[in-house]
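Since the structure comes first, as structure tokens, the remarks are kept for the end.
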Amino acid sequence: DIMIPKNEIKRMPKYLKYIRTLPCVICNDHTTTEAAHVRFIAPCGVGLKPSDEFTLPLCGAHHREQHRRGEELWWKSKGLDPREITEGLWNIFNLFENKNQAWSNADIYLRGIHG
């Protein structure tokens, strides 16, 4: 894997704020949404928080569970691909400059994840 130097890790508070407006990708709860960085899919060094583009919405309980149980195994147990989800949300955010359009398209995208 290619590692991204620390000075090239993207920090985007506006994107994290947007992620926190979305429902949890696991349970669809939107009352305690946190911006969860998924470390095992991100090319960064050990101990570094990955770029914000590798972030998705999880409720507080699922965010803690993801870290406690080990990210990679936890995501496999949920039957979801966090790479696909983070990429989809990042693309939606960057495609729509209008906040309402970005939110509504992300909502449609997230509903499609669960069929």
Side-chain angles (χ1 to χ4, degrees):
D1 284 341
I2 297 170
M3 295 294 168
I4 295 178
K6 186 176 182 177
N7 63 343
E8 292 182 24
I9 292 175
K10 295 177 186 145
R11 295 289 173 237
M12 294 190 58
K14 185 177 177 181
Y15 182 67
L16 297 181
K17 184 177 180 181
Y18 163 73
I19 288 294
R20 291 182 192 107
T21 68
L22 302 172
C24 174
V25 299
I26 304 300
C27 67
N28 210 34
D29 174 58
H30 66 278
T31 60
T32 64
T33 304
E34 298 175 3
H37 289 82
V38 184
R39 296 174 194 277
F40 84 94
I41 63 172
C44 67
V46 176
L48 292 176
K49 189 175 280 194
S51 287
D52 291 342
E53 67 194 280
F54 298 101
T55 305
L56 44 71
L58 290 176
C59 68
H62 283 124
H63 190 181
R64 282 179 283 292
E65 186 179 284
Q66 170 203 231
H67 290 303
R68 191 172 56 247
R69 293 189 53 206
E71 287 183 2
E72 195 165 1
L73 291 174
W74 186 81
W75 280 103
K76 282 182 183 177
S77 77
K78 299 301 179 190
L80 296 173
D81 181 357
R83 282 181 184 90
E84 183 180 307
I85 298 167
T86 57
E87 185 177 311
L89 292 173
W90 180 257
N91 290 338
I92 289 168
F93 177 78
N94 287 296
L95 184 62
F96 296 98
E97 290 184 28
N98 175 298
K99 179 183 168 192
N100 291 331
Q101 277 186 309
W103 191 90
S104 114
N105 279 280
D107 186 51
I108 292 165
Y109 173 74
L110 292 173
R111 278 189 272 139
I113 288 173
H114 296 290

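What's counted below: heavy atoms across the whole structure, side chains too, no hydrogens, waters or symmetry copies.
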Contacts of type side chain to side chain donor-acceptor pair (under 3.5 Å), residue [X], not counting sequence neighbours:
{"X": "Ser77", "value": "none"}
{"X": "Asp29", "value": "Thr31, Thr32"}
{"X": "His62", "value": "none"}
{"X": "Thr86", "value": "none"}

Straight-line distance of [X] [atom1] to [Y] [atom2], nearest 0.5 Å:
{"X": "Met12", "Y": "Lys17", "atom1": "CE", "atom2": "NZ", "result": "13.5 Å"}
{"X": "Leu22", "Y": "Leu58", "atom1": "CG", "atom2": "CG", "result": "11.0 Å"}
{"X": "His63", "Y": "Arg68", "atom1": "NE2", "atom2": "CZ", "result": "11.5 Å"}
{"X": "Asp52", "Y": "Phe54", "atom1": "CG", "atom2": "CZ", "result": "10.5 Å"}
{"X": "Leu56", "Y": "Ile85", "atom1": "CG", "atom2": "CD1", "result": "6.0 Å"}
{"X": "Phe40", "Y": "Glu71", "atom1": "CZ", "atom2": "CD", "result": "6.5 Å"}

Tell me, do His37 and Leu16 make a side-chain contact under 4.5 Å, heavy atoms counted? yes
Would you indicate whether the side-chain heavy atoms of Ile92 and Tyr109 approach each other to under 4.5 Å? yes
Partners passing salt bridge (charged side-chain N to carboxylate O under 4.0 Å, His left out) against Glu34 (at least two apart in sequence or in another chain): Arg64
Identify, with sequence neighbours excluded, every residue that meets salt bridge (charged side-chain N to carboxylate O under 4.0 Å, His left out) alongside Lys78. Glu65
Sequence neighbours left out, what passes side chain to side chain contact (heavy atoms under 4.5 Å, CB included) with Leu73? Give chain and number order. none
Going by side chain to side chain contact (heavy atoms under 4.5 Å, CB included), name the residues that satisfy it together with Asn91, two or more places apart in sequence or in a different chain. Glu87
Mind checking what makes ring-ring contact (aromatic ring centres under 6.0 Å, His included) contact with Trp74, not counting sequence neighbours? none
Partner set under ring-ring contact (aromatic ring centres under 6.0 Å, His included) for His30, not counting sequence neighbours: none
Which heavy atom in [X] sits nearest to a heavy atom in [Y], and how many Å separate them?
{"X": "Cys27", "Y": "Cys59", "answer": "SG-SG, 3.8 Å"}
{"X": "Ala35", "Y": "Arg20", "answer": "N-CG, 3.9 Å"}
{"X": "Thr33", "Y": "Ile19", "answer": "CG2-O, 3.6 Å"}

Let's go through Leu89 and Leu110 carefully: what are the C-alpha distance in whole Å and the side-chain angles of both, what is the deciding distance for side chain to side chain contact (heavy atoms under 4.5 Å, CB included) to 0.1 Å, and is it a yes or a no? CA-CA 9 Å; Leu89 292 173; Leu110 292 173; 4.3 Å; yes
Stepwise ring-ring contact (aromatic ring centres under 6.0 Å, His included) test for Tyr15 and Trp90: CA-CA 8 Å; Tyr15 182 67; Trp90 180 257; 4.9 Å; yes
Would Trp75 and Ile26 count as a side chain to side chain contact (heavy atoms under 4.5 Å, CB included) here? Give the steps. CA-CA 10 Å; Trp75 280 103; Ile26 304 300; 4.0 Å; yes
Between Glu53 and Phe93, is the side chain to side chain contact (heavy atoms under 4.5 Å, CB included) condition met? List the steps. CA-CA 10 Å; Glu53 67 194 280; Phe93 177 78; over 6 Å; no
